[in-house]
Amino acid sequence: MVKQTIQIFVRVKPTKKPTSGYFVDCEEQGSSLEFVVPRDLADGFINNKRENYNFRFQKVFDQTANQEEIFETIAKPVADNVLAGYNGTIFAYGQTGSGKTFTITGGAEHYNDRGIIPRTLSYLYHHISKDSSMVYTTHISYLEIYNEAGYDLLNPQHEAYRLEDLPRVTIMEDSDQNIHLKNLSLLQSANEEEALDLLFLGDTNRMIAETPMNEASTRSHCIFTIHLCSKELGSATVRCSKLHLVDLAGSERVGKTGVGGQILTEAKYINLSLHYLEQVIIALSEKNRSHIPYRNSMMTSVLRDSLGGNCMTTMIATVSVEKRNIAESMSTCRFAQRVALIKNDALLNEELDPALLIVRLKKEIQSLKEELALVTGEQRSDKLNQEEIQQLEEQVNVYLEDPDNEVTLDLGPDMRKIHFCFFLLKVKVRERHSAQNGVSNGSSPPLKGMSDGEDRKPHDELQKLRDTVTHRDNEISILVSMLKREKRKVQDVTSQLAQLHNQNPSTCSSSRSPTALQAEESEKCDTSLDYTHAHHFITRKRVSELSVGKQTAFEVFLRDHEDRLTIEDNRAVLQQRFVEAKTLGEQVNQTRIRVNELKTQLKIRRKQMAAQVLTGNQTESESDSVEERILNQIEEQKKNYTITSGCLKGLRTEIEHLQLLREKSKVKLQRDFENWWIQEGARLQGHSAENTGSSLSHVSPLSCMLTRNNNPKGDDTDTQERRQRERDMRQRALPSADLSFTSIPLTGDKQTDAEIQAFIRARHNLLNCTET
């Protein structure tokens, strides 16, 4: 048993502007954080209020501390204890927007911004891959506590159902007061890639909202748990440990932030659960306290072992040193110092492996059978032979036919014979019962070799075949529905194209001059802009089930988005890493081919040397320089292969993380676009009357696009109004019928001036025809 207090660390969030309201003093045995709060002159000249507040911790990380330093100091010792068989917990506590999620999970922009969870996963799996003396198995679970209700973040139904319709995680307690979580999935992960995929899935399903204190505030407590089991080769002892990585939701003062609605409800539940956590901390710090209120909230129930139980716990408090947040930061430091008073009793979690215990008991049974054979002088087997079976059948028949009630079966101290005689008696009773009911099948049941398991084999195979047929029927139904859906989409697009084509009137006349035809074509290009754009938008490829206009709006939104440069940089880095990985893969393949070729040359050379020894041309003691040279080349190629494979593995880990960051950026970009789309649509609906009365030259492209997409089937009323507005514009833009050609500048060339006048005249006639 290891007794130790909870380790406390503090991290100061970087500020945009330099601040002088705090001081950090680093010493060998610990660090101190001092806050300076100047006296307020409004309180009067006599003011005995303290100005300096000093707090001591294991270590204080200033604004310049990076993620690697945080992991090496805080998470790495806890991970080592988990590998040794002890339970561990790391939880972050602090005000909302102080950097808890960044410390625990990390940022999504750069690879070096990885938090404690991805770095711990990388460290554990790297150690597991190197340790060949132990056998490890790892499982992952991800719990979210939102509004005092538990949800499984790894549940695949998160995207298909609403949060209220998902099954809730409930707490169950056994007789030994051990906590068990119902409806919380425990998924096995064989490598770092699978573990990071589960982490990304859980982070995607978390509840995030924008608050006045934080643009992306997590509105729930999350507990990422790694279950690790290790066993030495050939040993029956198994060590099972678990590591909780907890990201608590940030506390906030509702009166200061002024939030309302759903965010206010979330803030109430968050503050209430943190209040219950503080009650547990205060109760544990008191020596003579008999009752600890763990059951007040779900979070304290789940973290019972982490707070005063069988666990090695570490807390990192995140503080913001801005002037408006000094009071909350000092409150966080006071809470951290109360947590430092709690002592945990960590035990080494060892138990016997049931499978290995069964093997050991079987060996013991076999040794006892051998000892029994030495004492009795008889070598017994598990089954009776044919001669013994025949003798037992005769004894049972004699026993049943004897009218004496006191007659007994003399079988001796042999349980095999006793069991077989009971089996014979059972068969006789069944035969007599079948004969009385007239259900005799004419054949006696088998006496040996037909167990219940063998009777169930055909039934199990039939059930498997039925399940396979049902599965195939479901697949066929899904494929048929998908095919019908695609056909329906094609029909919709075809009908829309036909409607748009019918809405474009044909005003061609065969009696017009070439100059007039040219003018008509020019007018068509000006007046059929909606048709051209609609045709272009409808025939584009639909991506992610977005409408055609929404795709164009997304392109406009993406062009001005703040994360566009970051996404492009990550894409460029990812492409570069792919090229490097491809080059390294080719080098690995070439090295492998070269090693195989050298091995083939070595075999041929050894055969040649063996033939020379047999013919007497060379003795076995003579060394072969060619063989030594080939062996040296093989060793060099193997070293190159090992080095290149290591580089390729590291590059693969970086590529996977970059892909993870890219997916996170895509999710954030899609969420921002949906919010922007909703806001823009509401704004356009509010100003629809004003936009209708104004000229078309002052309507934004997004407004035109939304107007077209809101009526994709081509409503007749909307089409007539749009054409009327276009005619009004043309009448204002073009000269009237009484306008003389002298107001139009001419070139002086007769032929050119004649064509210009013919063009103006044809255009005016075309407008008059269209209006009539």
- Message: In the structure I gave you, are the side-chain heavy atoms of L274 and H221 within less than 4.5 Å of one another anywhere?
- Response: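 Yes; the side chains approach each other to less than 4.5 Å.
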- Please confirm whether R119 makes a cation-pi placement over Y123, using NZ or CZ under 6.0 Å from the six-membered ring centre and within 45° of the ring normal.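 Here R119 fails the 6.0 Å and 45° test against Y123.
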- Looking only at atom types and distance, does a side-chain atom of Y53 sit under 3.5 Å from a main-chain N or O of V37, one as donor and one as acceptor?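 No: the side chain of Y53 does not pair with the backbone of V37.
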- Task: For the pair F61 and F9, name the ring-plane relationship: parallel under 30°, tilted 30 to 60°, perpendicular over 60°.
- Result: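 It falls in the tilted class, 30° to 60°.
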- Message: Any carboxylate oxygen within less than 4.0 angstrom of a Lys/Arg side-chain nitrogen, looking at D80 and K76?
- Response: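 Looking at K76 together with D80, the answer is no, because their closest N to O distance does not fall below 4.0 Å.
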- Only one of N87, N344, D305 passes side-chain hydrogen bond (donor to acceptor under 3.5 Å, both in side chains) with T313; say which it is.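 Only one option passes, and that is N344.
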- Sequence neighbours left out, what pairs pass salt bridge (Lys or Arg N to Asp or Glu O under 4.0 Å) with at least one residue falling in residues 139-156?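 The answer is none; no pair qualifies.
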- Only pairs at least two apart or in different chains count here, so list each salt bridge (Lys or Arg N to Asp or Glu O under 4.0 Å) that has a residue in residues 180-198.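 Every salt bridge (Lys or Arg N to Asp or Glu O under 4.0 Å) pair that includes a residue of residues 180-198, provided the two are not neighbours, is E193-R652.
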- Query: Side-chain donor-acceptor pair under 3.5 Å between N349 and S241, yes or no?
  - Reply: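 No, S241 and N349 have no side-chain donor paired with an acceptor closer than 3.5 Å.
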- Query: Got more than 12 heavy atoms from elsewhere within 6.0 Å of CZ, F71?
  - Reply: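 Yes, CZ of F71 has more than 12 neighbouring heavy atoms, counting only those of other groups under 6.0 Å.
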- Message: Tell me if the CZ atom of R338 is crowded by more than 12 foreign heavy atoms within 6.0 Å.
- Response: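 Buried by this count: over 12 neighbours within 6.0 Å.
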- Task: Please test C240 against E351 for side chain to side chain contact (heavy atoms under 4.5 Å, CB included), starting from the C-alpha separation and ending with a verdict.
- Result: CA-CA 8 Å; C240 295; E351 60 183 9; 3.8 Å; yes
- Sole candidate of I116, T105, V246, L121 that passes side chain to side chain contact (heavy atoms under 4.5 Å, CB included) when paired with F224: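 Among the candidates, only L121 passes.
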